[in-house]
Amino acid sequence: MQSVTETKNEFVPTIVAFCCNWCSYAGADLAGSSRLSYPANVKIIRVPCSCRVNPMFVLKAFQQGADGVILCGCHPGDCHYVTGNYYTRRRMSLLFGFLNYLGIEKDRTRVEWVSAAEGAKFSAVMNDFAKRINELGENKRLKDLRVKENGHE
Amino acid sequence: MNKTEEQIVKRAAELLDNKEVDKVIGWKKGEFCFDPSPAAFTSSDELKDFVYNDFCGANLSKYLVNECKSGGKIAVFLKPCDTYSFNELVKEHRVNKEKVKVIGVECHGKLDIEKIKSKGIAAVTGAEESGGKVAVTSLYGNAELDKNEVLLDKCLTCKGKKFAVADEIIVLNEMEETKNDRFSGVEALEKMSEEERFAFWKAELSKCIRCNACRNVCPACTCNKCVFDNNASGVATKAPADTFEEQMFHIIRAFHVAGRCTDCGECSRVCPQHIPLHLLNRKFIKDINRLYGEFQAGETDEGKNPLIEYRESDAEPSSAVNGEVRHA
Amino acid sequence: MQRIGVFICWCGSNIAATVDVERVAEEIKREPGVVFSANYQYMCSENGQQLLKNAIKEYRLTGVVVGSCSPRMHEATFRKAAESAGLNPYMVEIANIREHCSWIHKDREEATKKALVLVRTAIAKVNLNAPLTAGESPVTKRALVIGGGIAGIQAALDIAEAGFAVDIVEKNPTIGGRMAQLDKTFPTLDCSACILTPKMVDCAQSDKIDILTYSEVEDVKGFVGNFKVKIRRKARYVDETKCTGCKLCMENCPSKKGLNEFNMNLNTRPAIYIPFAQAIPNVAVIDPEQCIKLKTGKCGLCQMKCTVGAIDYTMQDKFIERDYGAIVVATGFRPINIDHFNEYGYSENKDVITSLELERLMNAAGPTDGVLLRPSDGKHPKVITFVQCVGSRDLTDCGKPYCSKICCMYTAKHAMLIREKYPDTEVHVFYIDVRCPGKNYDEFYRRACEQYGVDYIKGMVGKIYNENGKLMVQGSNLIENEQVTIASDLVVLATAIEPEPSVRKIATLLTASIDTNNFLTEAHPKLKPVESPTAGVYLAGVCQGPKDIPETVSQASACAAKVIGLLAKDSLKTNPCVAQSDESMCNGCSQCANVCAYGAITYVDKEFRLGGGKTETRRVAYVNPAVCQGCGACTVTCPSGAMDLKGFASKQIMSEVEEICRA
Amino acid sequence: MTKQQQLENIKRLSGTEPAKCMKCGKCSGRCPAYKDMDIKPHQFVNYLEKGKLDKLLASKAIWNCLSCMACVERCPRGVAPAGVIEAVRETVKRAIGGNGMKAEDIPPVVDEFIPQQLLVSAYRKYNK
């Protein structure tokens, strides 16, 4: 049996970041080429637009053991697809409010607007989000524990 | 037979006999007085089984989706709250308005047989509400109960006596508007801590047996094939493997009907496990009202729901989730 | 099951220094479906691509994952290589192990582990990839140039030269832009008007170019090859087709007190005016704010005097709609507002002027007919002090963080011209650095110092105040390490430049991204410097970043080359990653069409066979693949899940999620 | 305290990052007390950046600086030369040891325009 503190120290959260191809993914690229680091446990999934992110993807992530999910898109008004992120904004406002209503910590989910020119912001946002998720600890509430056991480790 | 029922049957018979409609959708007698079920009647002879009593809580609008597929004109009896669902179905092209004659029927709130039974009354043979009371007859004698104690939950938060749509109405007695606060349940949960809320929902949702009754009765859930039945969707499950999947089902279902749910309360009415599913949908309704302005799905049969609309000045998710902002 | 090949790129040491590429390639071999795995120094090189092509053939690969730089960089490269080896290009996925991994993590173990996850995630996606074929959409062979400055003029001329029709939309009454306001140009000192006006005339005379002045872009719809643009033609109150430019109206206009914008408000003009002598079109325009007739209904002198009956006070804004295949944005710049820099006292002292104002004061067609006279009393200034970097490289709220790039050179030009023309004038220049990269640029600046005796002082000005009619310029001399105060007659501020503010609206209409300083973002800072990330939209001139005339002209010509290349095609391959609705599941509820920004979704009633010989007619969604841009908004709106996005299918994204969370 | 720690401390007290300075000299160009200073405002920033602690501590100019903050106000890069001067001043004062300011130091009749708060903060700053 491991002591409580030991497990706590070993905890490395899993963070899924959905980034729109045109702004936030490019912003993440810029963070990379500017060598602005953020924790390695942040993994990015490229989507054409933040409005492609289905609530099912967010839930799937939590089910599979993610501790935090963040959505990044172009700033409202700057969407490559004109209006996509406006829908994202409504959908995620409602969905994340709803998850919190079910008792999921509200800081486990986040929406950020990061433009292609905001490499520094991308890195800062990811550092901050990862820090917050670290503080929150493991996501026990929305997770299917079986998946971790059958997983790759 | 009550007067309203008489009128309804008479009208139904007229419509069928005059060939004004080919089909009438209403409620059919069950084994007992308290288990009428939705049914289609195609001739006036069949109408002998027609029933309209205080146990006819079922919302008939959804049945039109299937019934509309065959040709012919249909008459449907809708209580005021059911008419919103009808509008929503018309808006989404699930029901062809031209083929349907909507007859609005009187409603003073429908009764919950479980609640009557819980008062210790068995073998109920009839119940009739009048004023604030409900007179119950049973094989073992009669009783008078307080109406508010035996109404269906959904009728306790009645959204009004207005027909959102009706080609004609059958209302013999004036329907009284009742005042209630339908969001008090949501607010009570919102006031709890995250832990308490989680405990509440965990307890409620883990009761789910995935019978799909909520989905099947929901007038907003009319997909030809539900994502949860579709292997290609990536979320299909034949049987729930764990509690999370129950949550996933209910979260996604609530999200899918967000902005389209008229708050008819059928989901909670039919749930055999008595999960307060309406509290899920009402959270979305409450947040939509708060963030994007008052919206009642099914108020009309056209226009966009708030999830397929936007304003440049919409709240940011961070502040929206914190409950900081309100629609200006 | 796919047969997947994995290629891990070292990117020299960019990836290999932090990620153990060999270990990644080795471990990934054990993944189900992976039949080939290799690592190579530069996958994007000729040899690297050959490695990929050979492996596709040799191992009969059905899917490829390249662990390399960002897909925004080389996805197209590897897809093309795969295609040439006979593999559908959309069976290639990139794992971004450079920008998202090796460049941001220092710990080798950590970075290697992350790279493995990223590659596995790409494998998970490829497993569900399906071959996609691009459709085709026609190209409208007409280009739109927004902005009629030197950038827009050059782009339009080059496009027209290649034989394509092009429209210039300019919001001012004439084309010419900022360059028309300049006196001389560095480093050759040739007259700006002399080299610009012939080009303006060429535009007017070209039968391929349609000049729409006093017009603004109102709305843009469509996509590359098929833009539909709504243009507002503002009411000029003068019929362009009738006006001969005789100026009789200007002479007779009683309302002469309008500020002359062309002369930087240093003198006045009548309410009906032609901005400058060489204006194209050489047609008058009425300023409705100033015109007595339009304001009070009484006057009408110009109409009476006009011999051709060109004046029409009832004229209204008109809207026209045109189709274009490509759009060049060349909206230019303006000097920033320096009223808030109290230390320079620009708003208090008439003789503290901006460099653009000095251009007008030195220009033969300017308010002083080219004689340098100071604004306050019309006297010759004897001591002139220039201050550089006013508002540039300035992180305060009043300034701009960037270098405006042109100021060092034009200040040297001004100093030199003044010393040349008025040798008895003393000229001082306060500078932080003198930045003169460019052909013959540094030589030019040195001439100002060595040949013309301009006094360059390294240091910044801290304060300008008025004392006995002299402008006291107090600043640092860092070389001497002393504070100096120069009693001057005229102070010229090298004011920072910023993009024309109207660019914001245009960027929004074009969905072109814009940075925090309102400069339009190029698709790639080095390799795609003239393309906007929005296909079919190109950037020329200062709207993309500060630059001088030769650079602007080069960029404009580059834009033209890109536009010509685009318009030369009869059709374009469309993005195959578009939405598609599964008819068997579609409810026809119309939710998806409501969120489509492109109007790509329509509905049809379709008959479906049910069991037992029965049929059923249902309303189902149809996505026009040529119009769909592939954002995916509809996929989330669709409750039944009938709508999915090719290339970014729900199942694919969920498998990526699963793979990331599995680690 | 080592030299490095002292420099770090000055940096911390000054609240400024000397590396941000682009060496334009606008601070010194604006300084009203410039003539009386042996080390000029821009040099303070430069010495802090280059780690020339001795020069900073030996400067007489810390007693000439008016703390008018004109240099801070004018700096285009958000550097605060006056902050550096103040930090050096405090470092020197604290190094003298003991209480740098005593009640006796205050003249019996204080200028009526001197705010009470100033005396209190001076005490706080120059006493241990």
Side-chain angles (χ1 to χ4, degrees), chain C residues 336 338 340-345 385-404 407-408 428-435 456-465 471-486 488 491 493-496, chain D residues 14-50 52 54-56 58-85 88:
Chain C
I336 65 164
I338 50 169
H340 300 295
F341 285 98
N342 297 327
E343 60 266 47
Y344 303 126
T385 304
F386 288 85
V387 183
Q388 295 212 215
C389 291
V390 172
S392 297
R393 310 163 72 190
D394 187 315
L395 301 175
T396 65
D397 293 341
C398 317
K400 298 287 171 187
Y402 50 84
C403 165
S404 295
C407 327
C408 287
H428 307 276
V429 179
F430 279 96
Y431 72 98
I432 304 174
D433 306 286
V434 179
R435 297 177 166 178
Y456 269 79
I457 304 165
K458 177 160 174 61
M460 216 21 203
V461 168
K463 188 180 176 186
I464 296 174
Y465 56 99
L471 290 166
M472 309 304 282
V473 184
Q474 176 191 313
S476 251
N477 183 335
L478 292 173
I479 307 291
E480 307 268 343
N481 203 19
E482 63 183 21
Q483 199 177 58
V484 291
T485 303
I486 295 170
S488 318
V491 175
L493 305 178
T495 309
Chain D
S14 72
T16 211
E17 176 45 72
K20 279 178 152 180
C21 171
M22 66 168 170
K23 318 218 179 324
C24 70
K26 198 169 181 178
C27 45
S28 293
R30 178 64 189 88
C31 181
Y34 187 91
K35 282 190 182 64
D36 303 322
M37 297 174 89
D38 57 345
I39 295 177
K40 314 298 184 190
H42 70 277
Q43 288 176 295
F44 273 94
V45 179
N46 181 50
Y47 289 156
L48 179 57
E49 190 191 359
K50 300 281 153 62
K52 296 188 176 166
D54 302 345
K55 291 203 174 187
L56 287 175
S59 98
K60 301 266 184 303
I62 50 173
W63 311 115
N64 298 114
C65 169
L66 303 168
S67 295
C68 71
M69 302 287 158
C71 51
V72 182
E73 181 67 18
R74 292 294 173 242
C75 176
R77 308 298 291 183
V79 177
V84 178
I85 296 172
V88 174

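Below, chain A is the first sequence line, B the second, and so on; all start at residue 1.
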Handout entry: Option passing side-chain contact (heavy atoms from CB on, under 4.5 Å) with D/Leu48 (candidates D/Val88, D/Val79, D/Ile85, D/Val84)
Key = D/Val84
Practice task
Start with the C-alpha gap between C/Ile479 and C/Tyr456, add the side-chain angles, then the distance that decides, and say whether side chain to side chain contact (heavy atoms under 4.5 Å, CB included) holds.
Solution key: CA-CA 11 Å; C/Ile479 307 291; C/Tyr456 269 79; over 6 Å; no
Exercise for the section: Determine the minimum heavy-atom distance between C/Cys408 and C/Asp433, stating which atoms define it. Expected result: SG-O, 3.8 Å
Exercise for the section: Indicate yes or no for a side-chain donor-acceptor contact from C/Thr495 to the backbone of C/Leu493 under 3.5 Å, with no hydrogens or angles considered. Expected result: yes
Fill in the blank from the handout: If one checks every heavy atom of C/Tyr465 against chain D at 4.5 Å, the contacting part turns out to be neither
Exercise for the section: Would you tell me whether D/Lys50 and D/Asn46 have side-chain atoms, one donor and one acceptor, within less than 3.5 Å of each other? Expected result: yes
Practice task
Residue by residue, scan residues 66-75 of chain D and write down, ordered by number, those that have a heavy-atom distance under 4.5 Å to chain C; if none do, write 'none'.
Solution key: D/Arg74, D/Cys75
Exercise for the section: Report, as yes or no, whether the 6.0 Å neighbourhood of atom NZ on D/Lys55 holds more than 12 heavy atoms from other residues, nucleotides or ligands. Expected result: no
Problem - Minimum side-chain heavy-atom gap C/Val390-C/Tyr344 below 4.5 Å - result: yes
Handout entry: Student check: side-chain heavy atoms of C/Gln474 and C/Gln483 closer than 4.5 Å
Key = yes
Problem - Top of C/Val461, C/Val484, C/Ile432, C/Thr485 for chain D proximity - count of heavy-atom pairs under 4.5 angstrom - result: C/Ile432
Problem - Contacting moiety of D/Lys40, where chain C heavy atoms sit under 4.5 Å - result: side chain
Completion exercise
Per-residue tally against chain C (heavy atom, under 4.5 Å) across D/Cys31, D/Gly25, D/Gly78, D/Cys27 peaks at D/Gly25
